[in-house]
Amino acid sequence: RLEFEQVLKIDQNNREAKNYVALINDKLEEARLYQERQQQAEDFYISGINNVKKENYDLAQDDFQNALASIDNYKDTRQRLKDLARLRKEYIEREKVRRIDTINREFQDGMVALSDGRFSDAIAAFSKTLYLEPDNKLAQKYLAQAKDAQRELEEEIVDRNSPYYSIVVALSLSGVDLYRKGMYKQSMDKWDQILELFPKNKNANVYRLKCFIEINPGSSRRITETSV
C-alpha cells in the first residue's frame with residue numbers, strides 16, 4: 001500500500017494505483033477482523049478448558065460453541081464439545097458415589113455419636129444424612145431417638161462437666177431401653193441408681209414412677225408429675 005501511495009503522490013489520478021490501495025485496505029481490514037475473531041476464539045477456548053477442569057460443563061459448552069462461532073473448526077474445539085457428554089456422565093457417576101459415601105459416613109458418625117451419648121452430634125449427623133437422602137428410614141428412626149435422648153438428657157440436670165455425667169447417661173440409656181422392652185424391675189434399678197446420686201433428678205423420678213405403676217397395676221395411674 002505504501003508503494004501505491006507513493007505512486008499517487010506522483011500521479012493523483014492513477015486509477016490503477018487507487019484500485020490497488022482500495023483492494024489492499026479491504027485485505028488489511030479483513031485481516032484485522034480475522035485477528036480479532038481469532039483472539040475471541042482463543043479466549044473462549046481457554047475459558048472452556050478451565051470450565052471443564054472446574055466441572056462446569058454447561059459453561060464449557062457455551063464457551064466452545066462461542067469459539068466455533070468466532071472461528072469455524074478452531075483447534076480441537078469440536079472434539080472437546082463431543083467429549084462433554086462423556087465427561088458429564090463420568091461426573092454424574094462420581095457424584096453418585098461421593099453422595100453415597102457421604103451418606104454412609106454421616107450415618108455411621110451418627111450411630112457412633114448416639115452410642116457414645118453425644119446426642120447433639122448424632123442429631124447433626126442424622127440431619128445431614130436426611131438432607132442428602134430424605135427417605136432414609138433408618139436415619140429418620142435414629143434421629144428421633146437421638147432427639148428423644150437429648151430431650152431426656154437435658155432434663156437430667158447433670159452438668160456435662162460433672163464426674164457423674166457419663167454414669168448418668170449410661171444408666172439413663174439403659175433404663176429407657178429396659179423400659180421399652182417391658183423389663184420394668186430392671187429399668188427401675190437403673191433409675192434408683194441415678195436417684196442415689198441425684199434424688200431430685202426429674203427424669204429418673206418420672207421413669208421410676210412409670211416402672212412402679214407397670215409393676216403394680218393396681219396403683220393409681222393418675223399420679224401427677226408434681227407428686228413425684
Side-chain angles (χ1 to χ4, degrees), residues 1-2 20-151 153-154 160-161 166 169:
R1 186 178 61 179
L2 290 174
Y20 273 114
V21 168
L23 178 62
I24 291 171
N25 283 338
D26 290 341
K27 295 290 185 182
L28 289 173
E29 180 63 15
E30 182 180 337
R32 186 186 66 79
L33 293 175
Y34 181 81
Q35 286 180 343
E36 287 182 358
R37 294 200 308 274
Q38 194 172 37
Q39 185 59 53
Q40 289 175 347
E42 180 64 13
D43 291 342
F44 282 125
Y45 180 80
I46 292 174
S47 178
I49 292 175
N50 289 334
N51 277 318
V52 168
K53 291 178 181 178
K54 296 175 183 177
E55 297 179 331
N56 297 327
Y57 299 113
D58 289 341
L59 293 177
Q61 180 172 328
D62 290 341
D63 285 333
F64 291 141
Q65 287 175 341
N66 287 330
L68 291 175
S70 298
I71 300 292
D72 192 29
N73 292 322
Y74 187 73
K75 293 185 175 180
D76 59 346
T77 304
R78 290 194 182 279
Q79 185 58 49
R80 289 184 180 275
L81 267 175
K82 291 180 181 179
D83 290 342
L84 287 180
R86 173 182 57 80
L87 293 173
R88 276 195 185 96
K89 183 177 179 181
E90 292 174 354
Y91 170 76
I92 291 172
E93 292 301 320
R94 287 197 305 273
E95 284 300 299
K96 285 181 180 177
V97 173
R98 188 181 307 165
R99 180 171 171 272
I100 292 172
D101 288 343
T102 303
I103 290 171
N104 291 336
R105 183 177 65 254
E106 292 293 343
F107 183 80
Q108 291 301 322
D109 288 347
M111 294 299 293
V112 171
L114 183 60
S115 65
D116 289 344
R118 294 182 287 107
F119 304 123
S120 295
D121 293 339
I123 291 170
F126 290 132
S127 296
K128 289 179 182 177
T129 302
L130 289 171
Y131 175 78
L132 295 170
E133 191 177 33
D135 296 330
N136 190 311
K137 301 300 182 185
L138 285 176
Q140 292 173 1
K141 172 185 174 182
Y142 288 118
L143 175 61
Q145 289 186 12
K147 287 182 176 180
D148 288 343
Q150 178 67 22
R151 187 161 47 249
L153 184 60
E154 288 172 351
R160 186 177 288 269
N161 297 320
S166 59
V169 170

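Throughout, numbering of the chain's residues begins at 1 and tracks the sequence. Worth saying up front: this structure is predicted, and the values here are computed from it rather than measured.
Counting heavy atoms from C-beta on, the side chains of Ile46 and Glu42 come closer than 4.5 Å. The closest side-chain heavy-atom distance from Gln145 to Asp148 is not below 4.5 Å. Residues Thr102 and Arg105 form a side-chain contact, since some pair of their non-hydrogen atoms from C-beta on lies under 4.5 Å apart. Counting heavy atoms from C-beta outward, Asp58 and Asp62 have side chains that stay 4.5 Å or more apart. Under the 4.5 Å side-chain criterion, counting only non-hydrogen atoms from C-beta, Asp83 is not in contact with Phe64.
To the nearest 0.5 angstrom, Asn50 atom CG is 11.5 Å from Leu59 atom CG. For the atom pair CG (Leu84) and CD (Gln79), the distance works out to 10.5 Å, reported to the nearest 0.5 Å. Note that CD of Gln108 is 9.5 Å distant from OG1 of Thr129, once rounded to the nearest 0.5 Å. Annotation: the span from Asn66 atom CG to Tyr74 atom OH amounts to 13.5 Å, rounded to 0.5 Å. To the nearest 0.5 Å, the span separating CG on Leu23 from CG on Leu28 amounts to 9.5 Å. Here CG of Leu114 is found 12.5 Å from CG of Asp109. Values are rounded to the nearest 0.5 Å.
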**OP:** Would you sort out whether Phe44 and Gln65 count as a side chain to side chain contact (heavy atoms under 4.5 Å, CB included), showing the intermediate values?
**Re:** CA-CA 8 Å; Phe44 282 125; Gln65 287 175 341; over 6 Å; no
Subject >> Residues Gln38, Tyr34; criterion side chain to side chain contact (heavy atoms under 4.5 Å, CB included); working and verdict >> reply: CA-CA 6 Å; Gln38 194 172 37; Tyr34 181 81; 4.0 Å; yes
Original post:
Checking side chain to side chain contact (heavy atoms under 4.5 Å, CB included) for the pair Leu87/Glu90: CA distance, chi angles, key distance, verdict?
Top reply: CA-CA 5 Å; Leu87 293 173; Glu90 292 174 354; 4.0 Å; yes
**OP:** Go through Arg37 and Leu33 one step at a time and tell me if the side chain to side chain contact (heavy atoms under 4.5 Å, CB included) criterion holds.
**Re:** CA-CA 6 Å; Arg37 294 200 308 274; Leu33 293 175; 4.1 Å; yes
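Ion pair Arg32/Glu36 flagged as a salt bridge, since at least one NZ, NE, NH1 or NH2 atom sits closer than 4.0 Å to an Asp/Glu carboxylate oxygen. Between Arg78 and Asp72, at least one side-chain N (NZ, or NE/NH1/NH2) sits under 4.0 Å from a carboxylate O, which counts as a salt bridge. Comment: Arg99 does not engage Glu133 in a salt bridge, judged by the lack of any side-chain N to carboxylate O separation of less than 4.0 angstrom.
Partner of Tyr45 under the side chain to side chain donor-acceptor pair (under 3.5 Å) criterion, chosen from Thr77, Asp76, Asp63: Asp76.
Nearest heavy atom pair, residue Ala139 against residue Asn136, reads N-OD1, 2.9 Å.
The 12-atom threshold is exceeded at OH of Tyr57, counting heavy atoms of other residues, nucleotides or ligands nearer than 6.0 Å. Under a cut-off of 6.0 angstrom, the local environment of NZ in Lys75 is crowded, with over 12 non-hydrogen atoms contributed by other residues, nucleotides or ligands.
With hydrogens and angles left out, the side-chain atoms of Asp43 and Gln39 include a donor and acceptor closer than 3.5 Å.
Between Tyr142 and Phe126, the ring-plane angle classifies as parallel under the 30° and 60° cut-offs.
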